[in-house]
Amino acid sequence: MADQSDIEMRINGRAVFAAAAYLISLGVTFILERIGAPEALVRNLAPMVAIAALAMVGVAVRSSRLAAVLSADRAGSPIYAGAALAAIAAGLVVSLSNGPASNAPLDALVAGALIGALVIGPLARQTGASSLSDLLSARFSSRPLRLILAVAYFAIGAFIAAAGFETAVNAFSSLVGVSRETAIGVLAATLLFMIAPGGLAGLLWTAAAAAGVMLVVALTPIIAHLWSGGSLSEPLWRGGGDAAAALMRGWPQWGGAEPQGQGLDAVAAALGFAALPPFSTAAFASSSSLRAVRAGFVGLVLAALFALAFFAGGELWQGLGGPAAAGLRASSGLLIPLICAAAGVQTASRAFGVEAAGFGLESVLASRRLASARQLTILAVALCAFLSYRRDIDPSAALIAASSLSLALLAPALGLALSTRAAAVHAEAAIAVSLATIAGLAALQGWISAERHAPALALTGAAAGFVIGWATSLFGGRGKSSARHKLFVETPLEPGP
């Protein structure tokens with residue numbers, strides 16, 4: 001096996017080549033503008049090149065090896081895995097801000113990203129798993145429980161994917177000037193090329209490439225402003241104030257509640273976002289739990305810097321007139337939600353876990369397991385396209401639903417997975433109590449009010465379920481395995497061609 005440093009050198013070389021190719025393509029757009037090419041061509045060239053580049057990256061990392069498709073060969077250094085995490089976080093932020101809701105709970109999303117990237121992801125990485133579904137399917141041997149968790153995991157991924165896909169469709173149709181049907185077809189095909197051939201490797205490297213595009217777009221107006229002799233103190237100060245104001249606007253998202261109720265909703269939403277699987281992507285692609293923590297830290301810092309740069313560069317972009325500059329900015333506005341959709345599709349594709357025990361896949365070849373994941377990928381993309389065609393998606397509501405579902409079903413099982421005494425029956429009891437508590441409270445408060453306070457209901461149900469499951473486990477024997485020990489080998493067997 002190649003040394004880790006050799007792998008990183010090859011990856012660095014490919015990254016430099018990709019960056020140079022993208023910068024050359026951007027230079028071509030500005031040259032076309034100078035020579036008088038049609039404005040529509042110049043404006044749309046950068047977004048189309050960016051989309052084509054992501055599709056090509058996804059196809060380039062295609063593989064039939066479990067290690068590549070399920071864990072990206074653990075080749076994500078803190079820089080690249082962190083960049084991917086930053087792009088995923090940005091995609092969730094943009095998608096959460098898109099929709100009828102005027103005050104998206106961005107403060108809860110930021111807090112959830114911190115917990116998910118720095119705590120949940122690295123802890124799950126210690127087991128050797130490549131997804132949260134792997135951890136739960138290997139920890140608990142009950143087939144009904146695995147089926148419930150698989151359905152919940154797919155639904156969570158579908159909600160995330162639908163939110164990002166709808167946001168990307170709106171951006172593509174408005175920025176490029178095509179019909180919604182055309183945008184749906186192009187973006188659905190792009191998502192398939194990004195995720196189906198390479199799995200987690202496709203998500204990791206396309207998200208890292210999107211982060212590179214974000215970096216170029218964020219720095220372009222700043223560099224141009226400095227080149228013209230301007231100062232950045234005022235734009236940065238104003239940008240920081242705008243970013244803080246955007247976070248504060250999310251606090252009264254659940255209007256009408258008392259301050260204590262708003263606080264409970266915010267805490268519940270933050271914990272729900274923390275349990276979202278995409279925030280663990282950088283951890284599962286890292287070679288160790290320590291590097292997973294570093295990747296999470298790097299990703300969150302990059303995400304904060306991107307946000308500050310975009311807020312600060314908002315007015316600076318006005319000085320960069322012309323279709324080429326507009327196309328460059330549009331490429332970032334298109335790729336960010338597309339990465340959110342890709343993260344959701346990847347989550348949905350891993351619904352059954354690598355073990356697939358209890359679903360008739362225990363003794364089959366790796367190709368069968370990969371085929372199952374790719375079938376779920378196609379199903380998730382088709383579902384996104386269908387819902388977007390019917391205009392049935394509210395991106396902000398979809399992400400809040402995903403966070404509530406993660407909190408209600410995944411969180412109690414993940415908490416019990418850390419206990420050596422917990423068995424499948426205890427996790428089943430926890431989930432049953434969680435669902436029963438949520439249903440009872442929703443019936444008492446009214447379903448309309450329950451929908452508005454879904455995260456708080458999910459938190460109440462998850463807490464009740466975990467307490468009951470943990471309490472019942474105290475009177476039983478120890479479980480067969482502990483989530484604190486490695487459940488998977490670092491490089492799965494059956495490498496394939």
Side-chain angles (χ1 to χ4, degrees), residues 111-142 144-157 160 267-284 289 292-293 296 347 350-355 357 402-435 437-438 455 458-473 479-488:
L114 287 169
I115 300 173
L118 299 180
V119 179
I120 296 178
L123 284 178
R125 174 64 186 85
Q126 288 182 358
T127 68
S130 58
S131 70
L132 296 181
S133 62
D134 286 355
L135 174 59
L136 295 176
S137 66
R139 180 65 178 83
F140 301 114
S141 58
S142 169
L145 176 62
R146 284 171 170 167
L147 181 59
I148 293 172
L149 292 175
V151 172
Y153 208 82
F154 181 86
I156 292 167
I160 298 172
V267 171
L271 294 177
F273 285 124
L276 289 181
F279 285 130
S280 301
T281 299
F284 291 128
S289 58
V293 174
T347 297
R350 298 302 312 281
F352 290 107
V354 65
E355 292 282 298
S403 67
S404 301
L405 191 58
S406 297
L407 186 58
L409 296 181
L410 294 187
L414 288 173
L416 291 176
L418 296 175
S419 172
T420 58
R421 290 185 173 274
V425 65
H426 306 131
E428 291 173 345
I431 292 178
V433 170
S434 177
L435 293 177
T437 302
I438 294 172
L459 176 60
T460 305
F466 174 76
V467 169
I468 296 299
W470 177 75
T472 55
S473 70
K480 294 182 180 180
S481 62
S482 170
R484 296 183 182 277
H485 297 88
K486 290 189 177 298
L487 301 176
F488 304 91

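All figures in this text were calculated on a predicted structure; none of them were measured in a lab.
With sequence neighbours excluded, the residues satisfying side-chain contact (heavy atoms from CB on, under 4.5 Å) with Thr437 are Val433, Leu441, Thr460, Ala464. For Leu145, the side-chain contact (heavy atoms from CB on, under 4.5 Å) partners at least two apart in sequence or on another chain are Phe140, Ser142, Leu149, Ala424, Ala427, Glu428, Ile431. Scanning for side-chain contact (heavy atoms from CB on, under 4.5 Å) contacts around Ala292 gives Pro122, Arg125, Ala283, Ser286, with sequence neighbours left out. Remark: Ser404 engages Ile400, Ala454, Pro455, Ala458 in a side-chain contact (heavy atoms from CB on, under 4.5 Å) (not counting sequence neighbours).
Taking CG of Leu276 as the reference point, atom CG of Leu407 lies at 10.0 Å (rounded to 0.5 Å). How far OG1 of Thr127 is from CG of Asp134: 8.0 Å, rounded to the nearest 0.5 Å. Between the CG atom of Leu135 and the CG atom of Leu414 there is a distance of 6.0 Å, given to the nearest 0.5 Å. Here CG of Leu123 is found 8.5 Å from OG of Ser289. Values are rounded to the nearest 0.5 Å. Taking OG of Ser403 as the start and CG of Leu410 as the end, the distance is 11.5 Å to the nearest 0.5 Å. The CD1 atom of Ile115 lies 12.0 Å from the CZ atom of Phe273; values are rounded to the nearest 0.5 Å.
The main-chain N or O of Ser131 is never found under 3.5 Å from a side-chain atom of Arg350 such that the two would form a donor-acceptor pair. With hydrogens and angles ignored, the 3.5 Å screen pairs no side-chain donor or acceptor of Ser434 with any backbone N or O of Ala430. Distance alone, capped at 3.5 Å, is enough to place a donor-acceptor pair between the Arg139 side chain and the Ala422 backbone.
Pairing each heavy atom of Ala462 with each of Ala408, the nearest pair is CB-CA, 4.4 Å. The two residues Gly116 and Ser280 make their nearest non-hydrogen contact at O-OG, 4.2 Å. Smallest separation of non-hydrogen atoms from Leu416 and Gly469: CD2-C, 3.9 Å. The two atoms that bring Gly296 and Leu118 nearest to each other are C-CD2, 3.7 Å, heavy atoms only. What you find for Phe466 and Pro412 is that their closest heavy atoms are CD1-O, 4.1 Å. The shortest non-hydrogen separation linking Leu132 to Pro277 is CD1-CA, 4.2 Å.
Under the 4.5 Å side-chain criterion, counting only non-hydrogen atoms from C-beta, Leu409 is not in contact with Tyr153.
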